[in-house]
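Protein chains get the first letters and strands the later ones, always in sequence-line order, with residue 1 at the start of each.
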Amino acid sequence: MPELPEVETVCRGLQLQLPGSFVSEVDVLRDDSIGYPEVEEFIDQLAGHRFESVTRRGKYILINLDRGAGLACHLRMSGRLMVVKDLQQPSRFLRVRMGLKDGRELRFEDMRVFGRLWYVPPGKTFVDVIPTLGELGVEPLDQMSGEILASLFDGKKQPVKTALLDQRLIAGIGNIYADESLYQAGINPLRPAGTVKRAELDKLANEIQKVLKRAIKHRGSTLSDYRDSEGVNGNYQNKAGVYGREGLPCRVCKSEIERVKIAGRSSHFCLVCQPIKAVRKSRK
DNA sequence: ACGTAGACTTGAATCT
DNA sequence: ATTCTTCAAGTCTACG
């Protein structure tokens with residue numbers, strides 16, 4: 001799925017397009033796409049609401065509606081949330097269609113049907129409806145430092161890559177940006193998280209923010225499915241240092257980029273720039 | 001408590 | 001051309 005930069009790009013687009021618009025009708029083409037409440041209620045209760053503002057928490061899109069209600073969306077791997085003006089033939093992966101009073105449509109498309117939409121009724125909070133939202137870790141663009149990483153990783157034996165992907169520790173980093181951040185910081189993804197030295201964590205914290213901000217500037221990465229709220233591709237994939245570059249020369253040292261599975265996820269890195277043992281100053 | 005496969009779902013790409 | 005296997009922006013559950 002879209003990771004933090006892609007979700008942020010979608011949110012910024014929706015914030016420009018939605019506030020002030022009213023939902024006139026709701027059409028659910030695939031029941032699995034609705035997380036809460038039951039499909040019938042989702043349809044009945046969402047209709048008539050006005051969009052007020054769009055924010056993000058981790059990889060969740062949070063839309064505030066009038067009367068204290070809300071609409072949340074997680075794109076997971078292949079979800080798209082977009083506002084369309086010219087109502088051309090919808091994609092075959094259209095799962096939920098929300099007609100707006102001004103004639104436009106908010107469409108949720110999702111090839112793999114992992115993504116979800118949740119309606120939050122007045123009186124309930126987003127966390128009431130989506131418990132995992134309350135368990136998310138720090139927002140890396142707001143709170144990130146070597147000190148924070150040191151406390152989050154303390155005593156952890158799992159690979160540092162796996163720790164970066166744990167949404168309860170840090171919210172929003174996914175497979176692409178975990179690999180990219182570790183590459184930029186010169187840290188091998190297989191190193192047990194708790195063994196990464198403080199100086200390296202300082203560097204990693206800095207690189208995480210740099211990578212995420214740069215990706216947002218490029219409107220995210222489009223590998224296959226991701227599009228922003230206007231249906232436009234991201235560009236960051238072309239800037240990647242290691243992700244998707246297995247077998248290609250490292251942009252720094254020219255040695256071949258490796259790919260291994262870590263906790264089930266493809267992980268890309270340069271053995272020379274990210275040695276398995278921390279590089280230490282020669283002792284003499 | 002901690003860490004890692006498997007499941008969920010659909011399609012694209014690579015290889016015979 | 002067709003079939004098979006592998007892989008994919010994520011996360012939740014079930015094991016050991």
Distance, rounded to the nearest Å, where Glu246(A) contributes CD and dT6(C) contributes P
15 Å

What residues form a ring pair (Phe, Tyr, Trp, His ring centres under 6.0 Å) with Phe108(A), not counting sequence neighbours?
none

P spacing across the pair dA14(C) / dT9(B), given as an integer number of angstrom:
16 Å

For Arg112(A), check side-chain contact (heavy atoms from CB on, under 4.5 Å) against everything at least two apart and list the hits.
Met77(A), Ser78(A), Phe114(A)

Here's a test of your reading of the structure: between Leu165(A) and Met111(A), which maps to the more 5' nucleotide of DNA chain C?
Met111(A)

Whole Å only: how far is the CG atom of Leu136(A) from the P atom of dC12(C)?
9 Å

If we call it a pair only when both distances are under 3.5 Å in a Watson-Crick or G-U wobble match, what pairs with dG6(B)?
dC12(C)

With both distances under 3.5 angstrom, what nucleotide forms a Watson-Crick or G-U wobble pair with dA1(C)?
none

Rounded to whole angstroms, how far apart are CZ on Arg265(A) and C1' on dC7(C)?
11 Å

Nearest-Å distance for atom pair CG/C1', residues Leu4(A) and dG10(C):
14 Å

Scan Arg92(A) against the nucleic acid and name what it touches under 4.0 Å (heavy atoms): base, sugar-phosphate only, or nothing.
sugar-phosphate

Do the rings of Tyr60(A) and His74(A) sit parallel, tilted or perpendicular, given the 30° and 60° boundaries?
perpendicular

Looking at every strand, decide which applies to Asp225(A) at a 4.0 Å heavy-atom threshold: base, sugar-phosphate, or nothing.
base

Under 4.0 Å, heavy atoms only, any strand: does Pro159(A) hit a base, just the sugar-phosphate, or nothing?
sugar-phosphate

Give the first and the last nucleotide of DNA chain B, reading 5' to 3', that has any atom under 4.0 Å from a heavy atom of chain A.
dG3(B) to dG11(B)

Between dC7(C) and dT16(B), how far is it from one P atom to the other, in whole Å?
14 Å

When you compare dT10(B) with dT2(C), how far apart are their P atoms, in angstrom units rounded to a whole number?
22 Å

Would the Tyr236(A) and Tyr177(A) ring centres measure less than 6.0 Å apart?
yes

Measure from CZ on Phe114(A) to P on dC12(C) and round the result to the nearest Å.
13 Å

Tell me what Thr132(A) touches on the nucleic acid: a base, only sugar-phosphate, or nothing, going by heavy atoms under 4.0 Å.
sugar-phosphate

Just checking, any donor-acceptor pair under 3.5 angstrom between side chains of Thr222(A) and Arg227(A)?
no

Please name all residues satisfying ring pair (Phe, Tyr, Trp, His ring centres under 6.0 Å) with Tyr119(A), sequence neighbours left out, ordered by chain then number.
His49(A)

Side chains of residues 140-158 of chain A: which donor-acceptor partners sit under 3.5 Å, not counting sequence neighbours?
residue   : atom : partner   : partner atom : Å
Ser145(A) : OG   : Glu147(A) : N            : 3.4
Ser145(A) : OG   : Ile148(A) : N            : 3.1
Ser151(A) : OG   : Ile148(A) : O            : 2.9

Mind checking the C1' distance from dT6(C) to dG6(B)? Whole angstroms is fine.
16 Å

I want to check one thing: is the phosphate of dT11(C), taken as OP1 and OP2, less than 4.0 Å away from some side-chain N or O of Gln167(A)?
yes

Quiz: residues 81-97 of chain A side-chain donor-acceptor pairs under 3.5 angstrom, not counting sequence neighbours:
residue  : atom : partner   : partner atom : Å
Ser91(A) : OG   : Phe93(A)  : N            : 2.8
Arg95(A) : NE   : Phe93(A)  : O            : 3.4
Arg95(A) : NE   : Asp110(A) : O            : 2.8
Arg95(A) : NH2  : Asp110(A) : O            : 3.0
Arg95(A) : NH2  : Met111(A) : O            : 3.0
Arg97(A) : NH1  : Glu105(A) : OE2          : 2.7
Arg97(A) : NH2  : Glu25(A)  : OE1          : 3.4

Has Ser266(A) got a side-chain N or O lying under 4.0 Å from the OP1 or OP2 atom of dA8(C)?
yes

Roughly how far apart, to the nearest Å, are dA8(C) and dC15(B) at atom P?
15 Å

Please classify the nucleic acid contact of Phe93(A) as base, sugar-phosphate, or nothing, using heavy-atom distances under 4.0 Å.
sugar-phosphate

Any side-chain N or O of His74(A) less than 4.0 Å from the OP1 or OP2 oxygen of dT11(C)?
yes

At 4.0 Å (heavy atoms only), tell me whether Arg116(A) reaches a base, stays on the sugar-phosphate, or touches nothing.
nothing

Of dG10(C), dC7(C), dC12(C), the nucleotide closest to the side chain of Arg259(A) is dC7(C)

